[in-house]
Amino acid sequence: MNTTMPNPRVGCVIVRDGNIVGEGRHERAGEPHAEAHALRQAGDAARGADVYVTLEPCSHHGRTPPCAQALIDARVSRVVAAMADPNPKVSGGGLRLLQASGIAAVSGLMETQARQLNPGFIMRMTRGRPWLTLKVAASLDGGTALANGASQWITGPEARSDVQRQRARSCAILTGIGTVLADDPQMTVRELEIGRQPLRMVVDSHLRIPLNARILQGGNTMIVCIEGDGEKKAQLRAMDVTLLELPESDGVVCLATLMRALAEREINEVLVEAGAILNGALLRSGLVDELLLYYAPALLGGDALGMFALPPLTEMAQRIDLDILGIDRVGQDIRVRAKPLIENKK
């Protein structure tokens, strides 16, 4: 499930007379879709069989031929899709094509689970931006680092391994220049072999990044900055660093424009690992879809650096409420998944 981007994560099972005769999953863009793998395994047994698939079979020619036509040619009896495809190029067309050929085709079985599998693809197709998960590691009293900037390690090895799994499923990892200057991170997937590395992005409006920063090494790095000329930009391009120059908003990169630009680059899911300033800006902009908060059983005190830089509140009605989606223990730490209950206008 960590290799399909920018395509959705899709699986297919073919059943005949109560027995599974074919299974398949989509692995990489440009390679056969789940239905093609399952049909190849099923062979002649696909004729008259029932097909269960995560997403409505495609009906258009993209990197691969349309799966709906392949199912028609195989003469299957019924197709059950967990959900319709949010891609406007499909959007019910696959189901209609199947039905027009006399194949019973429906959607909606386990749709909730299917949507949870592909939040980024759905968001990009319906809202024109990626799904944004914001991860923070903190003490129980909300400290992310000591006043002098020391932050390694707040959480334990199990939590850090869990973050590696989150990185592995992401198309891109986003951080801010403050984190780069303070911690000099690599922001790579380690411990897991997935055959790729997510795009590493740094929001650095005024190009303060040192040329020897570790995140610039190894390629696949993008610096997001304000439009304009400069010698630093030429130096970064010479290092094979991609520059994404965007309009400014109050003197810094416009984050809503950044999200739209990422969607245009077919980025489905972004994991944010940043400091309080970028965290707070994304939250205030209504761009955060999910919070992934790791709390360590420790206290850092009142001078510790915080999780979100937000304007001072003068009344409780101004607070940002959260919908808690899950609370789990990861090693000695606590992982909280939450959805910000803030109107998303972007």
Side-chain angles (χ1 to χ4, degrees), residues 131-170 172-192 197-198 200-204 208-210 213-215 217 221 269-284 287-310 312-313 319-340:
W131 177 272
L132 203 96
T133 299
L134 197 157
K135 165 259 173 182
V136 184
S139 60
L140 279 182
D141 56 347
T144 61
L146 302 180
N148 63 7
S151 61
Q152 296 183 344
W153 295 102
I154 292 178
T155 53
E158 295 87 354
R160 297 198 295 275
S161 292
D162 195 62
V163 172
Q164 290 294 317
R165 289 188 285 272
Q166 295 296 325
R167 287 183 181 182
R169 70 169 287 155
S170 302
I173 301 169
L174 178 66
T175 192
I177 184 58
T179 297
V180 173
L181 294 175
D183 299 335
D184 195 21
Q186 289 180 292
M187 295 293 182
T188 55
V189 175
R190 299 180 291 277
E191 302 178 12
L192 302 170
Q197 285 289 342
R200 298 174 295 172
M201 299 185 297
V202 182
V203 176
D204 184 10
R208 295 188 288 148
I209 191 167
R214 294 201 299 168
I215 202 168
Q217 300 169 11
T221 301
E269 296 177 24
V270 176
L271 177 65
V272 180
E273 297 189 50
I277 293 176
L278 183 56
N279 289 348
L282 289 166
L283 199 58
R284 293 196 308 273
L287 296 171
V288 177
D289 299 295
E290 184 179 55
L291 293 169
L292 198 59
L293 309 175
Y294 294 86
Y295 287 103
L299 304 174
L300 296 186
D303 292 333
L305 303 182
M307 303 166 71
F308 302 95
L310 298 171
L313 307 184
R319 71 186 184 182
I320 298 175
D321 291 321
L322 306 177
D323 180 12
I324 302 299
L325 305 177
I327 301 176
D328 299 285
R329 185 160 181 170
V330 183
Q332 293 299 308
D333 304 311
I334 297 172
R335 182 185 63 200
V336 178
R337 290 179 55 245
K339 175 184 177 181

* Asked: Are any non-hydrogen side-chain atoms of Ile320 and Phe308 less than 4.5 angstrom apart?
  -> no

* Within a strict 4.5 Å, meaning less than it, do heavy atoms of the Leu313 and Arg319 side chains meet? -> yes

* Asked: Can you check whether Gln164 reaches Glu191 side chain to side chain, under 4.5 Å on heavy atoms?
  -> yes

* Side-chain contact test, heavy atoms from C-beta onward, threshold under 4.5 Å: evaluate it for Leu146 versus Leu305 and give yes or no. => no

* **Check: Met307 main-chain N/O paired with Thr144 side-chain donor or acceptor under 3.5 Å** => no

* To do: Inspect the surroundings of CG in Asp321 and state if more than 12 heavy atoms from other residues, nucleotides or ligands are less than 6.0 Å away.
  => yes

* Asked: Is a side-chain donor or acceptor of Arg190 paired with a backbone partner of Ser161 at a separation under 3.5 angstrom?
  -> no

* Please check if the side chain of Asp141 supplies one atom and the backbone of Leu300 the other of a donor-acceptor pair under 3.5 Å. => yes

* Would you call Leu291 and Arg337 a side-chain contact if the rule is heavy atoms closer than 4.5 Å? -> no

* Taking all heavy atoms of Gly176 and all of Leu278, pick out the closest pair and write down the distance. => N-CD2, 3.7 Å

* Does the pair Tyr295 and Val330 meet the rule for a side-chain contact (heavy atoms from CB on, under 4.5 Å), with working shown? -> CA-CA 10 Å; Tyr295 287 103; Val330 183; over 6 Å; no

* Asked: So, Ser170 side chain and Gln166 main chain: donor-acceptor pair closer than 3.5 Å or not?
  -> yes

* Candidates Met187, Met201, Gln197 - the one meeting side chain to side chain contact (heavy atoms under 4.5 Å, CB included) with Ile173 -> Met187

* Can Asn279 and Val272 be said to form a side-chain contact (heavy atoms from CB on, under 4.5 Å), step by step? -> CA-CA 8 Å; Asn279 289 348; Val272 180; 3.9 Å; yes

* To do: Using the side-chain hydrogen bond (donor to acceptor under 3.5 Å, both in side chains) rule, pick out the option among Arg167, Lys135, Arg335 that qualifies with Asp162.
  => Arg335

* Sub-4.5 Å side-chain heavy-atom contact between Leu174 and Glu273 -> no

* To do: Taking all non-hydrogen atoms of both residues into account, name the closest pair between Tyr294 and Ala159 and its distance.
  => CD2-CB, 3.8 Å

* To do: Can you see which heavy atom on Ser139 is nearest to which on Ala298, and at what distance?
  => CB-O, 3.1 Å

* How close do Gly143 and Ile154 get, heavy atom to heavy atom, and via which atoms? -> O-CD1, 3.7 Å

* To do: Dump the intermediate steps for side-chain contact (heavy atoms from CB on, under 4.5 Å) on Ile324 and Val336, then the final yes or no.
  => CA-CA 7 Å; Ile324 302 299; Val336 178; 3.9 Å; yes

* Indicate yes or no for a side-chain donor-acceptor contact from Thr175 to the backbone of Val202 under 3.5 Å, with no hydrogens or angles considered. => no

* So, Asp184 side chain and Ala213 main chain: donor-acceptor pair closer than 3.5 Å or not? -> no

* In this structure, are over 12 heavy atoms from other groups packed under 6.0 Å from Leu310 atom CG? -> yes

* To do: Give the minimum heavy-atom separation between Gln186 and Ile215, together with the two atoms involved.
  => O-CG1, 3.8 Å

* Closest non-hydrogen atom pair, Gly306 against Ala276 -> O-CB, 3.5 Å

* Asked: Any donor-acceptor pair under 3.5 Å linking the side chain of Arg160 with the backbone of Thr155?
  -> yes

* Indicate whether the side chain of Gln332 and that of Arg329 have a donor and an acceptor atom separated by less than 3.5 Å. => yes

* Step by step, work out the side-chain contact (heavy atoms from CB on, under 4.5 Å) result for Ile177 and Ile209. => CA-CA 7 Å; Ile177 184 58; Ile209 191 167; 3.8 Å; yes

* Backbone N/O of Gly156 and side chain of Asp333: donor-acceptor pair under 3.5 Å -> yes

* Asked: Are the side chains of Pro340 and Leu134 in touch, meaning some heavy atoms are under 4.5 Å apart?
  -> no

* Verify whether one side chain among Trp131 and Thr133 offers a donor that lies under 3.5 Å from an acceptor in the other. => yes

* **Close side-chain approach of Lys339 to Leu322, heavy-atom, < 4.5 Å** => no

